[in-house]
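To keep things clear, I will list the structure first and then write my remarks on it.
Below, chain A is the first sequence line, B the second, and so on; all start at residue 1.
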Amino acid sequence: MVRRNEEVEALLQEYADLVLITGGDAFKARAYEKAARAIGSHHADVAGLDAEGLREIPNVGRSIADKVIGYLRTGSMPAVEDVRAKVPAGVRQLMAIPTLGPRKAMVLYQDLHISSVPELLDALHEERLRDLKGFGPKTEENILHGIDLMRAAGDRVPINAAMDVAEEIVAELSALPGCENCGYAGSLRRMRETIGDVDILVAAARSAPFMDAFVTLPGTAEVIAQGTKKTSVRTTKGLQIDLRVVPPDSWGAGMQYFTGSKAHNIRTREMAVHHKLKLSEYGLFHAKSGKKIVSQTEEEVYARLGLPWIPPTLREDRGEVAAGLRGELPDLVTEADIRGDLHTHTDLTDGLAPLEEMVAAAARRGLRYYAITDHAPDMAMQRMTDEKALAQRERVRELDGRHRKMRLLHGTELNIGPDGAVDWPQEFLRGFDICVASVHDHFRQGRDALTRRLVTACENPEVNIIGHPTTRIIGRRPGLDMDLDAVFAACARTGTALEINAHPDRLDLSDEHILRAKRYGVKFAVDTDAHAPLHLEYLRYGVGIAQRGWLTADDVINTWPLTRLRRFLRKGGSAATSS
DNA sequence: GCCGTTTTCGGCCCGACTGTTTTCAGTCG
């Protein structure tokens with residue numbers, strides 16, 4: 001079963017938002033936010049905890065523990081229901097618009113009775129916001145821009161949300177008698193950064209039992225269509241899921257077809273036509289006789305077209321077919337290749353778990369090395385100091401060696417200031433094993449200044465990795481406007497790696513940027529940026545994006561043995577060219 | 001509402017930026 005933590009997290013976060021919208025105590029809202037975050041990233045399923053167990057989660061006290069227990073028992077939380085009755089759900093949706101917070105959302109609702117994004121757009125076009133206190137022309141512009149950003153993300157969901165649902169359904173359907181094969185296909189299998197709808201494929205002689213089970217799964221809000229070959233539902237969270245059942249011997253052709261992409265399928269079908277064949281979801285057939293040739297596995301289908309099996313993450317019609325024909329498909333990096341995580345946090349700054357817990361979780365995942373990179377002092381809210389960093393280093397050195405197979409690196413995530421300088425003087429930086437450097441503020445400096453800023457950071461001899469290089473937040477904040485080619489060139493020249501941040505809301509760099517950067521000879525680091533042990537699992541999404549960027553293990557520094565990695569970390573050493 | 005080598009009350013991640021004001025509220029990280 002899916003953990004109930006996410007649903008409890010969402011509920012507590014909603015309550016926190018509603019407290020703010022209704023002008024309640026900001027500290028109380030903050031308390032609920034912190035509890036929501038802690039529960040969402042707690043390792044154990046809250047459904048299995050009693051009040052005492054819940055209170056062991058940091059930032060969960062008596063009041064919230066009791067509310068959660070009540071909710072898990074009855075399916076409702078009265079405090080939330082009360083405040084929901086006062087504020088329409090749409091008002092909270094307004095807060096999803098960047099630059100629109102709880103106060104402005106409340107003003108819009110109270111003064112203009114606006115409680116949805118379309119109503120807000122109408123009001124904007126009718127210039128009804130002009131008279132509101134605190135709303136000027138720039139506010140209008142920012143709101144319009146924010147709505148555009150949200151629209152661009154459309155109804156797509158982050159990949160981890162889709163993955164959780166898909167894996168749950170695959171597990172359920174796989175357990176049914178008669179299931180020969182079951183898996184997810186579509187953009188999820190291709191590891192796109194966001195997912196529009198989830199495609200599940202089953203191979204079975206009879207489809208009815210699967211269709212019946214599918215529509216009655218918990219979480220199904222609406223059955224959009226139900227047939228013998230295809231059934232579609234919408235979940236309570238609004239995600240559409242299509243289930244297709246194919247005959248057992250059509251499994252391979254079905255997976256190939258439903259995995260896509262559309263452009264890749266057009267390319268492969270053209271090749272079939274060229275060979276006087278016809279490719280469909282049921283198999284590869286002789287065009288004239290209609291006689292089936294192959295259909296059981298993807299490998300067979302590709303082989304009959306003269307191609308090696310093409311990894312799903314490459315199936316975007318970006319040259320994978322031509323590369324396959326030439327026998328030049330890259331040997332893609334896999335999750336198993338990753339030996340270490342080079343960007344992680346603890347509760348010394350904004351992480352949720354103590355150093356010891358993060359390290360233990362990393363060791364359990366079988367990592368061979370692990371870097372702790374808490375925030376640096378220039379991010380004022382994190383309250384980092386020299387003393388804290390040094391004390392942490394001492395603790396890291398003590399812990400190092402306790403996990404026999406995993407070495408620890410002590411690092412930091414520096415802030416790249418407006419001029420490209422970072423938090424600490426060089427001498428202090430030299431004490432770290434590894435330095436990630438990231439942009440956390442001044443996002444709108446202008447293209448030239450931003451480019452110079454990143455290039456300057458690369459040129460710092462102590463900076464090893466540029467963290468979340470564009471700083472985009474998917475669906476919320478566009479990437480920095482800078483000359484990426486200049487930055488990529490600077491990384492290659494200085495021996496600075498670019499991060500592929502695996503957090504599902506970031507996935508930064510994106511696949512297209514990776515493809516571009518690789519041409520400069522840049523090296524990459526696939527990191528989780530974990531703020532809790534559970535986040536270490538995000539690695540798979542980072543690896544997915546790396547694969548979509550055609551990266552091999554050699555391109556990714558945290559697949560390397562530690563000795564080679566250490567050489568790379570001494571910038572100017574020869575590691576970047578040797579292998 | 002949570003929390004405690006400043007403890008059971010009184011703090012709570014702090015500072016900067018933006019856009020609106022004309023001294024500051026709201027938003028963000």
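At the phosphate of B:dA16, neither OP1 nor OP2 sits under 4.0 Å from any side-chain N or O atom of A:His442. Remark: A:Thr99 is not in phosphate contact with B:dT18, judged by side-chain N or O atoms under 4.0 Å from OP1 or OP2. Within the 4.0 Å cut-off from OP1 or OP2 of B:dC28, not a single side-chain nitrogen or oxygen of A:Arg477 is found. Residue A:Asn142 places at least one side-chain N or O closer than 4.0 Å to OP1 or OP2 of B:dG19. Taking only side-chain nitrogens and oxygens, A:Lys34 never comes nearer than 4.0 Å to OP1 or OP2 of B:dC3.
When heavy atoms are screened at a 4.0 angstrom cut-off, A:Arg62 is found touching the sugar-phosphate backbone but no base atom. As judged by a 4.0 angstrom heavy-atom cut-off over every strand, A:Asn59 is placed among residues touching the sugar-phosphate backbone only.
For B:dC24, the paired nucleotide is B:dG19, the pair qualifying as Watson-Crick or G-U wobble because both relevant distances are below 3.5 Å.
Rounded to a whole Å, the CG atom of A:Leu54 is 16 Å from the P atom of B:dG1. Atom-to-atom, CG of A:Leu100 to P of B:dT27 comes out at 7 Å; the value is rounded to the nearest Å. Between A:Ile97 atom CD1 and B:dT27 atom C1' there is a gap of 14 Å when expressed in whole angstrom units. A straight line from CZ of A:Arg55 to C1' of B:dC2 spans 10 Å, rounded to a whole angstrom. Taking atom CD on A:Glu141 and atom P on B:dT18, their separation rounds to 14 Å, with Å as the unit. Summarising the geometry, the separation between CG on A:Leu20 and P on B:dA25 is reported as 16 Å, rounded to the nearest angstrom. Separating the CD1 atom of A:Ile64 from the C1' atom of B:dC3 is a distance of 12 Å, rounded to the nearest angstrom. The interatomic distance linking A:Arg472 (CZ) with B:dC28 (C1') rounds to 20 Å, in whole Å.
Nucleotides of DNA chain B nearest to A:Tyr15 and A:Arg506 differ in position, and the one nearer the 5' end is that of A:Tyr15. With the nearest nucleotide of DNA chain B identified for both A:Gly134 and A:Met95, A:Gly134 has the one nearer the 5' end.
There is a side-chain donor-acceptor pair under 3.5 Å between A:His343 and A:Asp529. The closest side-chain donor-acceptor pair between A:Asp508 and A:Asn501, if any, does not fall under 3.5 angstrom. For the residue pair A:His440 / A:His442, no side-chain donor-acceptor distance below 3.5 Å is found, with atom types taken as modelled. Between the side chains of A:Thr349 and A:Asp374, at least one donor N or O sits under 3.5 Å from an acceptor N or O. Side-chain contact check for A:Asn460 and A:Gln426: at least one donor-acceptor pair (N or O, by modelled atom type) lies under 3.5 Å.
The side chain of A:Phe443 sits closest to B:dG29 out of B:dC13, B:dG1, B:dG29. Comparing atom distances between the A:Met379 side chain and each of B:dT20, B:dG29, B:dC2 picks out B:dG29 as nearest. Between B:dG29, B:dG26, B:dC17, one nucleotide has an atom nearer to the side chain of A:Lys104 than all others, and that is B:dG26. In the set B:dG1, B:dC13, B:dG29, the nucleotide with an atom closest to the side chain of A:Phe27 is B:dG1. Which of B:dC2, B:dT20, B:dT27 sits closest to the side chain of A:Ala31 comes down to B:dC2.
With P as the reference atom, B:dC2 and B:dT6 are 22 Å apart, rounded to whole Å. Between B:dG19 and B:dT23, the distance separating the two C1' atoms is 13 Å to the nearest Å. A gap of 30 Å separates the P atoms of B:dC13 and B:dT20, to the nearest Å. B:dC3 and B:dT8 have their C1' atoms separated by 10 Å, with the value rounded to a whole Å. Comparing B:dG26 with B:dT21, their C1' atoms sit 13 Å apart, to the nearest whole Å.
In this structure, the separation between CZ on A:Arg444 and CG on A:Asp481 is 11.5 Å, given to the nearest 0.5 Å.
Exactly one of A:Ile416, A:Ile466, A:Val463 qualifies for a side-chain contact (heavy atoms from CB on, under 4.5 Å) with A:Cys458. That residue is A:Ile466.
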